[in-house]
Structures are given as C-alpha cells and as structure tokens.
Amino acid sequence: MIIGIGVDVVDIERFGRQLERTPGLRDRLFVPAERGLNTASLAARFAAKESVAKALGAPAGMNWQDCWIGLDHNGPTINVKGTVAAVAKAKGIKHWHLSMSHDGGISTAMVIAES
C-alpha cells in the first residue's frame, strides 16, 4: 500500500550558486559519500531528499544526514536512519521507490513510500 508520494525539482545552476555562497551547506545536506559528486547529481539527490520528506508529510525535526541516496545494481536507493527512519517506521513504511533525472538545467526526483 502506498503511504506517501513526494516530488521535487531543483534548478541546477541556482543550487550550485547556493553551494558556493554557503560553504557549510554541502556538509549539512549530504553524507560524505555524496559530497564529491557533481552539481547536477547533488541537485538530484537534494530533490530526492526533499521528496522523501514530502512522502513522509514533511515532519519537523528531520536531519538531512539521516537520509542519503546510494546506488546499487537496480539504480538509486534511499537509505534512512535516525530521525527519518523513526518517522518512516511510525508510518509503517517498509519500501522506498525512487526515480531521479537531470536535463535542461533541472534535476528532479519522485519518491513513493510503501508499506
């Protein structure tokens, strides 16, 4: 059963400027394994994290470090711990589905949270 759906888009150039203007932002938003990626990939991962938050109903108090995007042989994966895992558990979420893309200066992500 679908518990939540989240979609987000990010302007890659604008996101890159924000990362340059705010030096600590990269460390605050991304786990070490994500930080070295190019700006388009970071923007897509940020869109994915925003989509996770939306699928969870955007509860207050979630930590950006408690959600990260990995890759396996099937494509991108959502990994959660701490604050994000606690909300997902309380809502009965057991499976995440993620699609990400970037083209034409925009990164986008869609997340489905399923029980």
Side-chain angles (χ1 to χ4, degrees):
M1 181 168 85
I2 294 175
I3 305 297
I5 298 172
V7 177
D8 196 61
V9 296
V10 175
D11 180 296
I12 297 168
E13 185 177 324
R14 182 176 173 214
F15 188 73
R17 286 193 311 267
Q18 188 63 31
L19 288 175
E20 289 175 9
R21 277 195 309 266
T22 312
L25 187 60
R26 184 181 302 255
D27 291 343
R28 192 166 58 244
L29 295 177
F30 301 104
V31 299
E34 296 172 313
R35 292 178 191 152
L37 297 170
N38 65 49
T39 304
S41 292
L42 288 175
R45 280 160 174 75
F46 179 72
K49 293 177 184 211
E50 282 280 327
S51 296
V52 166
K54 290 173 182 178
L56 292 173
M62 290 190 347
N63 183 324
W64 289 103
Q65 296 288 314
D66 289 348
C67 177
W68 68 98
I69 309 306
L71 291 173
D72 69 13
H73 63 280
N74 292 320
T77 61
I78 296 172
N79 302 280
V80 298
K81 67 176 186 176
T83 58
V84 179
V87 174
K89 182 178 179 182
K91 291 184 174 277
I93 296 168
K94 295 182 180 154
H95 305 285
W96 296 99
H97 305 277
L98 169 62
S99 180
M100 299 186 307
S101 185
H102 45 80
D103 188 34
I106 299 290
S107 287
T108 187
M110 179 178 180
V111 167
I112 298 174
E114 186 178 29
S115 62

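Applying the ring pair (Phe, Tyr, Trp, His ring centres under 6.0 Å) test to Trp96 and every residue at least two apart in sequence or in another chain returns nothing. Remark: Ser101 pairs with no residue by the side chain to side chain donor-acceptor pair (under 3.5 Å) rule, at least two apart or across chains. Residues meeting the ring pair (Phe, Tyr, Trp, His ring centres under 6.0 Å) test with Phe30, sequence neighbours left out: none.
Interatomic distance, Leu19 CG to Leu29 CG, rounded to the nearest 0.5 Å: 7.0 Å. Summarising the geometry, atom CD1 belonging to Ile3 is positioned 12.0 Å from atom CD1 belonging to Ile112; distances are rounded to the nearest 0.5 Å. With rounding to the nearest 0.5 angstrom, the CG atom of Asn79 is 7.0 Å from the CD1 atom of Ile69. Here Arg26 contributes atom CZ and Glu20 contributes atom CD; the two are 9.0 Å apart, rounded to the nearest 0.5 Å. Remark: Met110 CE to Met100 CE distance equals 14.5 Å, nearest 0.5 Å.
Within the structure, side-chain hydrogen bond (donor to acceptor under 3.5 Å, both in side chains) pairs that include any residue of residues 104-115 comprise His97-Glu114 (at least two apart or interchain). Among residue pairs with one or both ends in residues 45-93, those qualifying as ring pair (Phe, Tyr, Trp, His ring centres under 6.0 Å) are Phe15-Phe46, Phe46-Trp64; sequence neighbours excluded. Note on residues 48-58: pairs passing salt bridge (charged side-chain N to carboxylate O under 4.0 Å, His left out), not counting sequence neighbours, are Asp8-Lys54, Glu34-Lys49.
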### Message
What verdict does the side chain to side chain donor-acceptor pair (under 3.5 Å) test give for Thr83 and Asp66, after you've listed the backbone C-alpha separation in whole Å, the side-chain angles of each residue and the deciding distance to 0.1 Å?
### Response
CA-CA 6 Å; Thr83 58; Asp66 289 348; 2.8 Å; yes

### Test log, rule side chain to side chain contact (heavy atoms under 4.5 Å, CB included), inputs Leu71 and Thr77
CA-CA 6 Å; Leu71 291 173; Thr77 61; 6.0 Å; no

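Here the closest non-hydrogen pair linking Val10 and Ala47 is CG2-CB, 3.8 Å. The nearest pair of heavy atoms linking Ser41 to His102 is OG-NE2, 4.1 Å. The shortest non-hydrogen separation linking Arg45 to Leu37 is NE-CD1, 3.3 Å. Across Ser51 and Ala109, no two heavy atoms sit closer than the pair OG-O, 3.1 Å.
Within the 3.5 Å criterion, the main-chain N or O of Gly16 finds no donor-acceptor partner in the side chain of Thr39.
Hydrophobic clustering, with ILVMFWY side chains joined whenever heavy atoms are under 4.5 angstrom apart, keeps Leu42 apart from Leu98. Ile5 and Val9 fall into different hydrophobic clusters, where Ile, Leu, Val, Met, Phe, Trp and Tyr are joined by side-chain heavy atoms under 4.5 Å apart, directly or via other members.
Counting heavy atoms from C-beta on, the side chains of Ile93 and Leu56 come closer than 4.5 Å.
Within 6.0 Å of CZ in Arg17 there are more than 12 heavy atoms belonging to other residues, nucleotides or ligands. Taking a 6.0 Å sphere around CG of Asp103, one finds it holds 12 or fewer heavy atoms contributed by other residues, nucleotides or ligands.
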